[in-house]
Structures are given as C-alpha cells and as structure tokens.
Amino acid sequence: MGKWIRRILVLVLLAVFLFSVTSIVIILYQYKVSDELYDNAAAQFTMQLPADEREAEEAAQGGEPSGAEVTETAPIRVDFQGLQSVNGDVAGWIYCEDTPINYPVVLGEDNDFYLMHNFDGTGSASGSIFIEAENRPGFADSNTIIYGHHMKNGSMFATLDHWAEQEYYEGHPVMWLLTPEQDYKIVLFSGYTTSASSDTYAIFDGPCQELDAYLIKCRSQSDFSAEVELEGDSRYVLLSTCAYVFDNARFVLHGKLVPVDSAGGVPLR
C-alpha cells in the first residue's frame, strides 16, 4: 500500500510540475505574441516625424511672421481610421519619447475585458492600455483614468515607476496623447505609490472645489518636483499600473492635458 501511495504522490507532483511549466510557457508565448502585435501596430499605424520636418510643417501651417508664437503638433502621426477598422474601441494613442510607451488606448464597456485582451480583441495576459469605463468618451471629464499592466518584460506601463526618480522625470517631463479629434501634451506634475482603493481614483466631470483640493493633494504626494500650473478648468489624466511594495499597491502618474495644433499628428490648420 505504501509503495502505491508513493507512486501516486510522484505522479501528482509530476502532473503539477508539468501543468506549471506549461502555464509559464503559454504565458511567455502570449507575451511574445502581444509584443509583436503592438510593435506591428506601431509600425503599421504610426509614423514618427523627423524634428526638422515637423518644425518645417508647423511653420508652414502656422504662417505667423518671424517672432510670433509657433504652433506645436504631436511628434508622431497616427492612422486612426486604420486602427478603428481593427477595433472601434480605439480612442487614442499614448506616446512617450525614448520609452517603451507607444500604444493604442482603448475604451471598453467595462474594466475587465481589456485586462486580458489586446487592443484588437484577442486574448492575452498583457492586456491593453485602457480607459476607466466610467469616464466619458473623448477625455471630456476633468480627470480621465488610464490603466496598463506592469509587465515584467518592461512593456505596457511597467516603466511608470521610473518617474519616482527626479532625474528620470526631468528627462521625460511630458508624454503625448493623440486622438482623432485633438492631440494633447500630457504635462506630468505628480507621481507616487498609492492603494488601488485610494481616493486617487476619484472622477470629476467638471471644474469644482473638490477637484482643486484633489490636485493640490496629488501634487503634495509626488516623488518628484514639477513646476506645473494646475488650473481647475483644465483637464487631466491619471496613468495607473500595479506596484509591488504592498498588497494592492499602484504607482500612478498625474498629467495635465495641454491641447496642441494637431489631431492624430495632422496639423489642424
């Protein structure tokens, strides 16, 4: 009897081991497929504008005389028509120069689907960069929450916690949010670790005293110092990813949306 029990235990342990290895292999394969998918999406649907071409285009579109304020456009161009033909949930594109952050942004019916699905709707543990389902479309709220996984391979929003360092912030003080209607600079002003259940995740649909107090509190918690004027009638984004310093920890970045003179990277005038 003891011999059979030992054999059964060995078989059970072997089955558990094989299941674990298989699960890891499947997840790693999903990561690889997702990385290739997003790399291909960036190659197919975006184009980075050389600095000299961008400056010339801005000057030509602006048409101001010498010494006048120069118009500003996003540093990349995005084919939203092509992206939305793949998935109508695509709402924007987020980009930060010299970082891995270069992804489509989706808005789904809930906060569950895109946790485990790529932007094209295929299943994946990498998920997508997605907007809080309770936010209004078009970044119409005073603050819009955008989520992304903290991937171990450095993809998605894994680099958000780099902004905990002042030097990194100073090298990357802005991101870009492009949409079919309007592009924005995301001027970063605060980054810190918080709980997933904290009031950091409050949503304000318009200017109010509570929003003013919220912005002051967010700035006071920041790991880096930023000289950014926070007007109550401006709009803001909160970028959020997992952190691993305590249970349900999150690292968040707050940014002010500053409209520029382009939509999808195409000059508006």
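If you read the sequence from its start, that first residue is 1, and numbering goes on from there. Just so it is clear, the model here is predicted, and its values are computed rather than measured.
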Asker: Could I get the full list of side chain to side chain donor-acceptor pair (under 3.5 Å) partners for Gln166, not counting sequence neighbours?
Answerer: Glu170

Asker: Just by distance, do the side chain of Asn143 and the backbone of Phe204 share a donor-acceptor pair under 3.5 Å?
Answerer: yes

Asker: List the residues meeting ring-ring contact (aromatic ring centres under 6.0 Å, His included) with Tyr169, not counting sequence neighbours, and say none if there are none.
Answerer: Phe224

Asker: Looking at Ile203 and Asn135, what are the two nearest heavy atoms and their distance?
Answerer: CG2-ND2, 3.6 Å

Asker: Checking Thr46 now: which residues fulfil side chain to side chain donor-acceptor pair (under 3.5 Å) with it, not counting sequence neighbours?
Answerer: none

Asker: Which is it for Leu239 and Met175 under the side chain to side chain contact (heavy atoms under 4.5 Å, CB included) test, yes or no, and what are the steps along the way?
Answerer: CA-CA 11 Å; Leu239 312 180; Met175 295 189 190; 3.6 Å; yes

Asker: Carefully, step by step, assess Tyr184 and Val237 under the rule side chain to side chain contact (heavy atoms under 4.5 Å, CB included).
Answerer: CA-CA 11 Å; Tyr184 304 89; Val237 290; over 6 Å; no

Asker: Can any side-chain N or O of Asn118 pair as donor or acceptor with the backbone N or O of Ser124 at less than 3.5 Å?
Answerer: no

Asker: Any chance you could measure Tyr236, atom OH, to Phe189, atom CZ, to the nearest 0.5 Å?
Answerer: 6.0 Å

Asker: Which pairs pass salt bridge (Lys or Arg N to Asp or Glu O under 4.0 Å) with one or both residues in residues 238-252, sequence neighbours excluded?
Answerer: none

Asker: For a 4.5 angstrom cut-off between non-hydrogen side-chain atoms, does Leu215 reach His254?
Answerer: no

Asker: Do you know which of Phe113, Tyr147, Phe157 makes ring-ring contact (aromatic ring centres under 6.0 Å, His included) with Phe130?
Answerer: Tyr147

Asker: List in chain and number order the residues that pass side chain to side chain contact (heavy atoms under 4.5 Å, CB included) with Asp39, two or more places apart in sequence or in another chain; answer none if no residue qualifies.
Answerer: none

Asker: Please confirm whether the backbone N or O of Gly108 pairs with a side-chain atom of Asp89, one donor and one acceptor, at under 3.5 Å?
Answerer: no

Asker: Can you list the residues that meet the side chain to side chain contact (heavy atoms under 4.5 Å, CB included) rule with His172, with sequence neighbours excluded?
Answerer: Cys96, Asp98, Thr99, Trp163, Tyr168

Asker: For the residue pair Ala91 and Pro180, what are the closest heavy atoms and their distance?
Answerer: O-CD, 3.9 Å

Asker: Going by heavy atoms in the side chains, are Ile76 and Asn102 under 4.5 Å from each other?
Answerer: yes

Asker: I'd like to know if the side chain of Glu72 reaches the main chain of Val260, judged simply by a donor and an acceptor atom lying under 3.5 Å from each other, with no hydrogens or angles considered.
Answerer: no

Asker: Report the C-alpha separation of Phe119 and Val105 in whole Å, then their side-chain angles, then the decisive distance to 0.1 Å, and conclude whether the side chain to side chain contact (heavy atoms under 4.5 Å, CB included) test is met.
Answerer: CA-CA 8 Å; Phe119 86 96; Val105 180; over 6 Å; no

Asker: Looking at Ser240 and Tyr201, what are the two nearest heavy atoms and their distance?
Answerer: OG-OH, 2.7 Å

Asker: Nearest 0.5 Å, please: how far is OG1 in Thr122 from CE in Met116?
Answerer: 11.5 Å

Asker: Specify the closest pair of heavy atoms between Ser126 and His149, including all atoms of both residues, with the distance to one decimal.
Answerer: O-CD2, 2.9 Å

Asker: What pairs with Ser195 under side chain to side chain contact (heavy atoms under 4.5 Å, CB included), at least two apart in sequence or on another chain?
Answerer: Ser197, Ser198, Phe246

Asker: Applying side chain to side chain contact (heavy atoms under 4.5 Å, CB included), run through Leu268 and Gln182 and close with a yes or a no.
Answerer: CA-CA 9 Å; Leu268 291 171; Gln182 175 69 63; 3.9 Å; yes

Asker: Testing the basics here: between Ser85 and Gly82, what is the closest heavy-atom pair and its distance to 0.1 Å?
Answerer: OG-O, 2.5 Å

Asker: So, using side chain to side chain contact (heavy atoms under 4.5 Å, CB included) as the criterion, who are the partners of Asp161 when residues are at least two apart?
Answerer: His150, Phe251

Asker: Quick one: which residue pairs count as a salt bridge (Lys or Arg N to Asp or Glu O under 4.0 Å) with a foot in residues 224-235, not counting sequence neighbours?
Answerer: Glu231-Lys256

Asker: Looking at Pro100, is its backbone amide N or carbonyl O close enough to the side chain of Ser155 to form a donor-acceptor pair, meaning the two atoms are under 3.5 Å apart?
Answerer: no

Asker: Within the structure provided, determine whether Ile216 and Leu230 are in side-chain contact (heavy-atom separation under 4.5 Å).
Answerer: no

Asker: With rounding to the nearest 0.5 Å, note down the distance linking CG in Asp183 to CG in Leu177.
Answerer: 8.0 Å

Asker: Nearest 0.5 angstrom please: Ile146 CD1 to Leu253 CG, how far?
Answerer: 11.0 Å

Asker: Which residue pairs pass the salt bridge (Lys or Arg N to Asp or Glu O under 4.0 Å) test with at least one member in residues 132-141, sequence neighbours excluded?
Answerer: Arg136-Asp141

Asker: Just to verify, what does Asp199 make a salt bridge (Lys or Arg N to Asp or Glu O under 4.0 Å) with, not counting sequence neighbours?
Answerer: Lys217

Asker: With a 4.5 Å heavy-atom cut-off, do Trp176 and Glu97 have their side chains touching?
Answerer: no

Asker: For Tyr103, give me all partners under ring-ring contact (aromatic ring centres under 6.0 Å, His included), at least two apart in sequence or on another chain.
Answerer: Tyr38

Asker: Grab the two heavy atoms, one from Pro207 and one from Gly232, that are nearest each other, plus how far apart they are.
Answerer: CB-O, 3.5 Å

Asker: Between the side chain of Thr73 and the main-chain N/O of Ser262, is any donor-acceptor distance below 3.5 Å?
Answerer: no

Asker: Just by modelled atom types, is the Gly92 backbone N or O under 3.5 Å from a matching donor or acceptor in the Thr179 side chain?
Answerer: no

